[in-house]
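Here's the structure, in structure tokens; my notes come after.
Within every chain, numbering begins at 1; the chains are lettered A, B, ... in the order of the sequence lines, protein sequences first and strands thereafter.
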Amino acid sequence: MNELDRRLIAEIQCGLPLVSRPYARIGARLGLSEDEVLARIRALQENGAIKRFGVIVRHHELGYHANAMVVWDVADADVHAIGAQMSALDYVTLCYRRPRQLPDWPYNLFCMIHGQDRDSVLANIAELIARCHLENIPYQVLFSRRRFKQCGARYAPSTDAGPLQRMGT
Amino acid sequence: MDAKDREIINELQGGFPVCEHPYAEAAHRLDLTEDELIERLRALLAQGILSRFGPMYHAERMGGGLTLAAMQIPPADFERVAGQVNAFAEVAHNYARDHALNMWFVLATETRERIDEVLREIEQQTGYRVYNMPKIEEFFIGLRFAV
């Protein structure tokens, strides 16, 4: 990544302009041609710096009112296989292995489940336990109570005074 | 939000064209005109159904830092600490959750080193310990939200 890539990232991190030729608009702000912007964005996608390009939804506004982080204390030898199994289930929206924080926090596998309400999330968890054979694995369900802040991660200082779109994650 | 909006969200969660007329190309797949798609996206953003329309970055591959952090805050002190934590620009989102560790937030920083600095600053300002839980492994999720 070079300085120009950083400026490009800063330019689009708040969202693509909602105009017919958004990449040309971005290029005009950066002193680049439309082709140069397209080539750089494709390169950032190829090297994985941009992992996805598209719409980012707000779960709550879409009717997903219950959001649970489910944490599991899985033997280190099994965590990779179980994480892979969990992440294949369509109601699991994120799945990560994270470090334990002993003695306070023994859990090393985290998954997120969003549902219309708490009961439907709990039903998903029961099904997940049966499907992945986790009957003897200690776990906890951390429902969210309140969302204080949900704005986009910023990876570069914004060059624009006013973001074109609302920030979000 | 109508059936066409749902179709747009489902279609565009998977990706967006990188070409000269991306809205026209996406609109064609959705059986809309370019102007109709742009107008609908503008409305979905204004209503807050979409939080953003653009790239999702891979923080680490861009040289940045990303982590999940948790704190245990007594209820009486929760508002004060939430205000202090949310004031950091690096805090991307923050949720109160049902657990002794009752505050969970994501930190995204421009450099990896900055993660530890911000966590130390949060501890100093709030007076409470921060548990840092960076990812060790990410399991690939194929499907997005079906709406």
Worksheet item: Going from CZ on R52(A) to CD on Q13(B), what distance comes out if it is rounded to the nearest 0.5 angstrom?
Response: 6.5 Å
Discussion item. For chain B, which candidate among V55(A), V19(A), N47(A), V37(A) shows the most heavy-atom pairs at distances under 4.5 Å?
Written reply: V55(A)
Fill in: Toward chain B, the part of F110(A) with a non-hydrogen atom under 4.5 Å
side chain
Worksheet item: Given that the side chain runs from C-beta out, which part of F143(A) has a heavy atom under 4.5 Å from chain B: side chain, backbone, both or neither?
Response: both
Worksheet item: Looking at A70(B), A82(B), A26(B), P134(B), which makes the most heavy-atom pairs under 4.5 Å with chain A?
Response: P134(B)
Worksheet item: Do side-chain atoms of S51(B) reach the backbone of I56(A) as a donor and acceptor pair under 3.5 angstrom?
Response: yes
Discussion item. At a 4.5 Å cut-off on heavy atoms, which part of L109(A) comes close to chain B: side chain, backbone, both, or neither?
Written reply: side chain
Discussion item. Counting C-beta onward and ignoring hydrogens, is there a side-chain heavy-atom pair between L62(A) and I49(B) closer than 4.5 Å?
Written reply: yes
Item to complete: Please flag which part of M69(A) lies under 4.5 Å from any non-hydrogen atom of chain B: side chain, backbone, both or neither.
Response: both
Worksheet entry | Residue part contacting chain B, namely of D5(A), when any heavy atom lies under 4.5 Å | neither
Item to complete: Find out if a path of hydrophobic residues (ILVMFWY) with successive side-chain heavy-atom gaps under 4.5 Å connects Y139(A) to I136(B).
Response: no
Discussion item. For the CG atom of N67(A) and the OH atom of Y95(B), what is their distance to the nearest 0.5 Å?
Written reply: 5.0 Å
Worksheet entry | Spacing of NE2 belonging to H99(B) relative to CZ belonging to R145(A), to within rounding of 0.5 Å | 13.0 Å
Fill in: Heavy-atom proximity to chain B below 4.5 Å, by part of A88(A)
neither
Worksheet item: How many angstroms lie between CZ in F139(B) and SG in C111(A), if you round to the nearest 0.5 Å?
Response: 10.5 Å
Response to the item:
Rounding to 0.5 Å, atoms CZ (R98(A)) and CE (M133(B)) come to a distance of 8.5 Å
Worksheet item: With under 30° as parallel and over 60° as perpendicular, where do the rings of F16(B) and F53(A) fit, or are they tilted in between?
Response: parallel
Response to the item:
Of M103(B), E39(B), Q72(B), H21(B), the largest count of non-hydrogen pairs under 4.5 angstrom with chain A goes to H21(B)
